[in-house]
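Take a look at the structure set out below.
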Protein chains: 2
Amino acid sequence: MSKRQGYGQFCPISRAAELLTTRWTPLVVRELYFGSTRYSDLRRGLPRMSSALLSQRLKELEHNGILTCQPAESGTGHVYRLTDAGRALFPILESMGHWAQTHSSDDMTKDENLDPDLLMWNIRRRVTSEGIPKNQHFVVLFHFLGVPIKRSRFWLLFRDGEIEICMRDPGYETGLAVTAHIRTLTQIWLGHVPLELAIRRHELLLEGERSHVQAFSRWFNLSLLAIGNQASVSSA
Amino acid sequence: MSKRQGYGQFCPISRAAELLTTRWTPLVVRELYFGSTRYSDLRRGLPRMSSALLSQRLKELEHNGILTCQPAESGTGHVYRLTDAGRALFPILESMGHWAQTHSSDDMTKDENLDPDLLMWNIRRRVTSEGIPKNQHFVVLFHFLGVPIKRSRFWLLFRDGEIEICMRDPGYETGLAVTAHIRTLTQIWLGHVPLELAIRRHELLLEGERSHVQAFSRWFNLSLLAIGNQASVSSA
DNA sequence: CGGAATCCGGATGGATACTG
DNA sequence: CAGTATCCATCCGGATTCCG
C-alpha cells in the first residue's frame with residue numbers, strides 16, 4: 001500500500017506528522033471524536049470526501065491503532081470507534097481549531113463553505129433532549145436565508161428520545177421556528193457570535209410558545225470547539 | 001499552482017488542516033520555529049526533503065502568511081522567518097509531539113531514524129556558550145557508537161562566541177570527549193532518559209578536565225520538546 | 001553557496017460507477 | 001447501505017541542471 005518513505009526524523013513531531021499530513025485524516029478523526037460511528041455518518045459529515053478515500057483512511061487509521069472497526073450488532077455494516085490513542089489526538093485538533101479561529105483570516109465562514117446540511121448535521125449531534133417535552137413529539141423548523149430554497153428548510157424531530165433531521169415537513173405541528181441567515185447560525189454555532197446578541201439584533205428569530213422559545217438555549221448546544229472561545233452563551 | 005479543492009467545511013479545524021495536511025509542511029514550520037532561518041539550514045534539518053519541494057513549501061507558506069522571506073542583509077540568499085501566525089502554530093506541533101511521545105509505539109528512536117548529522121545539528125542549535133571558557137576556543141568531540149565509522153565523530157568548535165560543527169578534527173586540543181551510542185544520546189536529547197542516569201549507567205561517557213565535565217550539563221541543552229516530558233536534567 | 005526550474009516514474013487523491 | 005473498482009489528474013521524490 002503505502003510505499004511512502006517516512007520523514008527520517010527521530011523527532012516525535014514527525015511521527016505524528018506522518019499520520020496527520022495525509023489529506024482528510026484529521027477531519028475523519030474529528031468526526032469520530034464528535035460522535036460519528038457509522039460509515040454513513042462519516043460520509044454525511046464529510047460530504048466532499050470521496051467514498052473510496054474514506055474507506056482507505058479508515059483502514060489506515062485502524063492499522064495505526066487510532067480506531068477499531070467492529071461489525072455492527074444491529075444489522076449491517078461496521079461500527080468505527082476511536083481507541084485511546086485516537087481520542088488522545090483531540091488536543092491536536094483542538095489547537096488546530098484554536099489557531100484557525102485566531103489566526104486564519106476567518107474565511108471559514110465565507111460563502112462557499114457555508115453548508116446548511118453540514119451545519120444541521122453538526123447541530124443534531126450536539127442537541128440534547130433536555131428541556132424538550134417528554135413522551136410526545138416536538139418539531140423545530142430551521143429556516144435559513146442565504147441558501148437555495150430547496151435546502152433552506154430543515155425540521156428537527158424529537159420523538160421517543162431520538163432526534164432526527166427531516167428535509168420535509170414531518171407533518172406534526174411545529175413547536176418552534178428558528179429563522180436566520182446561514183452565516184448567522186454558523187457563527188453562533190462556532191462561538192463567534194453570542195446567541196443573545198443575534199437575537200437582540202433580530203438576526204435570529206425564534207417563533208413559538210414562550211416556553212418553547214426559552215427552552216431553545218437549553219437544548220441547542222454550541223460546537224465543542226466554541227467552548228472557551230467567545231462570550232458564554234449557555235442559559236444561566 | 002494548487003488547484004486542490006478545500007474541504008468545504010466551516011469548522012475551523014478544517015482551515016488549519018488544509019494548511020497542515022501537506023507533506024513536510026509541519027516539519028518546515030518546526031525547523032523555522034527551532035531557529036533555522038536560511039534555506040541551507042532548512043535543508044540540513046530536513047535532509048530527506050527534496051530541494052524542489054522545500055522551495056515550493058516556502059512559497060506556499062509565505063503566501064499563506066505563515067512566514068516572511070527577505071533578502072539577507074549579509075551577502076546572498078534569503079532569510080525566512082515565521083510570522084506571528086506562524087509562531088502561533090507551535091502549540092499544534094507541541095501537541096503532536098506530546099501525542100507521539102505517549103501514544104506512538106516509540107519507534108521514533110528506531111534504528112532507521114537515528115541520524116547523527118541530524119542530531120548534531122539539532123544539538124548545535126540549542127547549545128549555549130554559557131560555561132564555556134571565553135576568548136579562547138574550546139573543542140568537544142562527540143563519538144557515536146552504532147553508526148558507520150565515517151559518521152561517528154563530530155567536533156563542536158566554540159570560537160569567538162560562534163559554535164560550529166566539524167566533521168573532521170579542527171586541530172585544536174580537545175577539551176571534552178562525549179562517547180555514547182547514537183540511540184542513547186538521542187533519547188537523552190528527547191528527554192526520554194535523564195542525562196545523569198545515562199552517566200551513572202556508563203552509557204554516556206564524559207572525558208576531560210573535571211571542570212569541563214561538570215560544565216557539560218550547563219551548555220548541553222535538551223530539545224525544546226523534552227521540556228516537561230521526563231525527569232528534569234538541567235543543572236541545579 | 002543559495003536557490004529555482006525541469007523532467008520523470010511512482011504514489012496519492014477525486015470523480016464516478018459499480019457491487020452485494 | 002456499506003463499501004469497491006477504475007480511471008485520470010495532481011502530487012511527491014530524486015536527479016539533474018541552471019543561474020547569480
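Each chain gets a letter, A, B and so on, in the order its sequence line appears, and its residues count up from 1. Computed from a predicted model, the values in this text were never measured in an experiment.
Listed for the A/Trp99 side chain is a donor-acceptor partner under 3.5 Å among the backbone atoms of B/Ala85. Looking only at distances, a side-chain donor or acceptor of B/Thr21 sits under 3.5 Å from a matching main-chain atom of B/Ala17. Within the 3.5 Å criterion, the main-chain N or O of A/Tyr7 finds a donor-acceptor partner in the side chain of A/Glu18.
Using a 4.0 Å cut-off, some side-chain N or O of A/Tyr80 falls inside it from OP1 or OP2 of D/dG3. Side-chain N/O atoms of A/Arg57 include one lying less than 4.0 angstrom from OP1 or OP2 on C/dG13. Contact between the side-chain N/O atoms of A/Ser55 and the OP1/OP2 oxygens of D/dT4 is found at a separation under 4.0 Å. Considering only side-chain N and O atoms, A/His78 lies under 4.0 angstrom from the phosphate OP1 or OP2 of D/dG3. The phosphate of C/dG14 (OP1 or OP2) has a side-chain N or O of A/Arg23 nearer than 4.0 angstrom. In this structure, A/Ser40 reaches the D/dA2 phosphate: one of its side-chain N or O atoms is under 4.0 Å from OP1 or OP2. Using a 4.0 Å cut-off, no side-chain N or O of A/Trp24 falls inside it from OP1 or OP2 of C/dT12. An OP1 or OP2 oxygen of C/dA5 is reached within less than 4.0 angstrom by a side-chain nitrogen or oxygen of B/Lys59.
Rounding to whole angstrom units, CG of residue B/Leu58 and P of C/dG3 are separated by 9 Å. Rounded to whole Å, atom P of C/dG13 lies 15 Å from atom CD of B/Glu18. At whole-Å resolution of the value, CG in B/Leu46 and C1' in D/dC12 are 15 Å apart. In this structure, the OH atom of A/Tyr7 is 11 Å from the C1' atom of D/dC12, given to the nearest Å. Separating the OH atom of B/Tyr39 from the C1' atom of C/dA4 is a distance of 7 Å, rounded to the nearest angstrom. Atom CG in A/Leu54 sits roughly 14 Å away from atom P in D/dC1 (whole-Å rounding). The interatomic distance linking A/Leu27 (CG) with C/dG13 (P) rounds to 13 Å, in whole Å. Going from atom CE of A/Met49 over to atom P of C/dG14 covers 8 Å, rounded to whole Å.
Nearest-nucleotide positions on DNA chain C for A/Thr76 and A/Leu53 put A/Leu53 closer to the 5' end.
The pair A/Arg125-A/Glu31 meets the salt-bridge criterion, with a side-chain N (NZ, NE, NH1 or NH2) lying under 4.0 Å from an Asp/Glu carboxylate O. Salt-bridge formation is not detected for the pair B/Arg44/B/Asp41: no Lys NZ or Arg NE/NH1/NH2 atom is positioned less than 4.0 Å from an Asp or Glu carboxylate oxygen.
Note on B/Ala52: a base of the nucleic acid sits closer than 4.0 angstrom, heavy atoms only. Heavy atoms of A/Arg43 sit nowhere under 4.0 angstrom from any nucleic acid atom.
Residue B/Arg38 has its side chain nearest to C/dG2 when only C/dG2, D/dC12, D/dG13 are considered.
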